[in-house]
Amino acid sequence: MPEILFNVDHSKSMRDQDVPGHNRWHPDVPTVAMVKPGAEFRMECRDWTDCQVGNNDTANDVRDIDLTIPHMLSGPIGVEGAEPGDLLVVDILDLGPVPQQSGDAAGQGWGYTGIFAKANGGGFLTDYFPDAYKAIWDFHGQQAVSRHLPGIRFTGITHPGLFGTAPSAEMLARWNTREKALIDTDPNRVPPLAVPPDSTNALAGTATGDLATRIAAEGARTVPARENGGNHDIKNFTRGSRVFYPVYVKDAKLSGGDLHFSQGDGEITFCGAIEMGGFIDFHVELIKGGMETYGITTNPVFIPGNVEPRYTEFLTFIGVSVDHDTDTNYYLDATLAYRRACLNAVEYFKKFGYSGEQAYLLLGSSPIEGRISGIVDIPNACCSLYVPTAMFDFDVRPTTAGPMKADRGQCAMAAA
């Protein structure tokens, strides 16, 4: 087994670990370990919310999540010889839930998917599903089942939602400036357009004193993907993947977490994956001067691994850039087109007895495939959403007999 460079005791908060992680991006978060190019190592990861969500039948915990706490990141790990302008080559060797453990922390044999309330983060379909809901998933090897979505079993594609290198001070300032400008266009929007720096519950790793205070005040929130990688939520970023991260600071400072047992393309409920704590094994190398050599300056590049479920039959839903609620046409709006594809799928699965919330949770957590199918045929962008039919223990294809409607239970709900 690779050497464990970041250890997590899942009975403790990330703040109370022997070596705490961090929940803000900042160039001065201290490294917790150094490795040489060619090294293989393991990082253990806490659930992204620091385990604010429990294995129960209420969504009160999802409704009440304190979003100043996420994401809890393990690291940073420094790589000897890494300098700004290099590419950090990261191979994912293995990853999964907390090994050989059962318990109260997500990843100890179970995980969860949540619909965030519109007043607390929202989701892709938040105008249609503004309240908090939740599904608990039990892990059986590579498969997941849920008491909150009966009749469904699928193979997960385990992957990290969030990994990246540290930003430079100049890049951090650019992030904060441009995101503030976006917020200022509609500062009272719910949910907000972006999340600015906030020292509340900031965790600065092993930094103390004035340095910790400065990191808390300046550090960028971890919600979006950015130039350094960050919260990409790419479901095929799994075992066997190779990622080329831009290096912006000395030693690169690789950090991350937000492990997922499974996820659909888009992670549409915001907490749409099956969230868990666990472990991830890496191998690292360097390409000196690789950013200029390959023109990789504002984005990582990755080669997906070959590990994924072999689903061969799909029911595919189409969406175009028309708001059917108001019968308003939008010009080549791929976001709207994907939203409509998702809503079309939700309406379809309601005919089989699932609630809209159950269908929404399913689309966020299961290995659906989302694609931009057409983005040039004015005025309508076209997106498609592929749902594996083998996930269901009944036939979901349209037939002359009509949908096989049944009592499909219910997902966990928040108290009124």
Side-chain angles (χ1 to χ4, degrees), residues 6 14-15 20-34 43 48 67-79 82-88 90 121 160-185 187 192-233 243-258 284 286 289-292 295-301:
F6 194 95
M14 184 63 94
R15 295 177 181 278
H22 60 106
N23 61 359
R24 302 292 190 269
W25 287 118
H26 195 283
D28 297 329
V29 175
T31 56
V32 299
M34 293 291 298
M43 298 174 73
W48 75 292
L67 288 178
T68 64
I69 293 174
H71 294 79
M72 285 298 174
L73 306 184
S74 299
I77 305 298
V79 180
E83 300 172 305
D86 296 343
L87 288 177
L88 179 65
V90 178
L162 194 165
F163 262 87
T165 52
S168 65
E170 183 271 338
M171 176 166 284
L172 175 63
R174 283 168 48 202
W175 291 353
N176 289 336
T177 298
R178 74 191 186 198
E179 290 173 21
K180 182 180 184 302
L182 176 61
I183 293 167
D184 288 346
T185 64
L193 290 169
V195 184
D198 183 349
S199 61
T200 307
N201 289 317
L203 184 59
T206 59
T208 59
D210 291 344
L211 176 58
T213 300
R214 182 163 59 83
I215 291 171
E218 299 173 352
R221 303 298 301 280
T222 58
V223 175
R226 298 186 181 94
E227 290 90 334
N228 68 325
N231 197 24
H232 276 135
D233 292 317
V243 192
F244 303 87
Y245 285 114
V247 175
Y248 299 107
V249 300
K250 182 180 180 298
D251 301 330
K253 293 189 173 182
L254 178 70
S255 298
D258 187 27
V284 294
L286 280 176
M291 289 175 65
E292 182 177 355
I296 300 173
T297 57
T298 60
N299 64 289
V301 171

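Residue numbers start at 1 and run along the sequence shown. In what follows, every heavy atom counts, from backbone to side chain, and hydrogens, waters and symmetry copies are set aside.
Considering only heavy atoms from C-beta on, M291 comes within 4.5 Å of L87 through its side chain. Using a 4.5 Å heavy-atom cutoff, the side chains of Y245 and N228 are not in contact. Contact check for D86 versus L88: no side-chain heavy atoms found under the 4.5 Å cut-off. Looking only at side-chain heavy atoms (C-beta outward), V79 and D251 stay at 4.5 Å or farther from each other.
Under a 3.5 Å cut-off, the side chain of N231 and the backbone N or O of A225 do not form any donor-acceptor pair. In this structure, K253 contributes its side chain and P27 its backbone to a donor-acceptor pair below 3.5 Å. With hydrogens and angles ignored, the 3.5 Å screen pairs no side-chain donor or acceptor of S168 with any backbone N or O of Y248. No side-chain donor-acceptor contact under 3.5 Å links R24 to the backbone of S199.
Atom CE of residue M72 and atom CG of residue L162 lie 13.0 Å apart, to the nearest 0.5 angstrom. Rounding to the nearest 0.5 angstrom, the gap separating the OG1 atom in T298 from the CZ atom in R226 is 14.0 Å. A distance of 12.5 Å separates CG of L182 from OG1 of T177, quoted to the nearest 0.5 Å. Note: W25 CH2 to H71 NE2 = 10.0 Å, rounded to the nearest 0.5 Å.
Taking D258 as the reference, nothing meets the salt bridge (charged side-chain N to carboxylate O under 4.0 Å, His left out) condition, with sequence neighbours excluded.
Contact record, E227 with P300: O-CD, 3.7 Å, taken as the closest heavy-atom pair. The minimum heavy-atom distance between M14 and L73, with the atom names listed, is CE-O, 3.9 Å. Residue N23 comes nearest to I69 through the heavy atom pair ND2-O, 2.8 Å, listed as atom of the first residue, atom of the second, then distance. In this structure, I183 and A194 approach most closely via the heavy-atom pair CD1-O, 3.6 Å. Across every non-hydrogen atom of A207 and A212, the tightest pair is O-CB, 3.6 Å. Across every non-hydrogen atom of E170 and R174, the tightest pair is OE2-CD, 2.6 Å.
Each of V32, I215, V29, T206 was evaluated against H22; a single residue qualifies, V29, per the side-chain contact (heavy atoms from CB on, under 4.5 Å) test.
Residue pairs meeting the side chain to side chain donor-acceptor pair (under 3.5 Å) criterion with at least one member in residues 208-219, sequence neighbours excluded: H26-E218, D28-R214.
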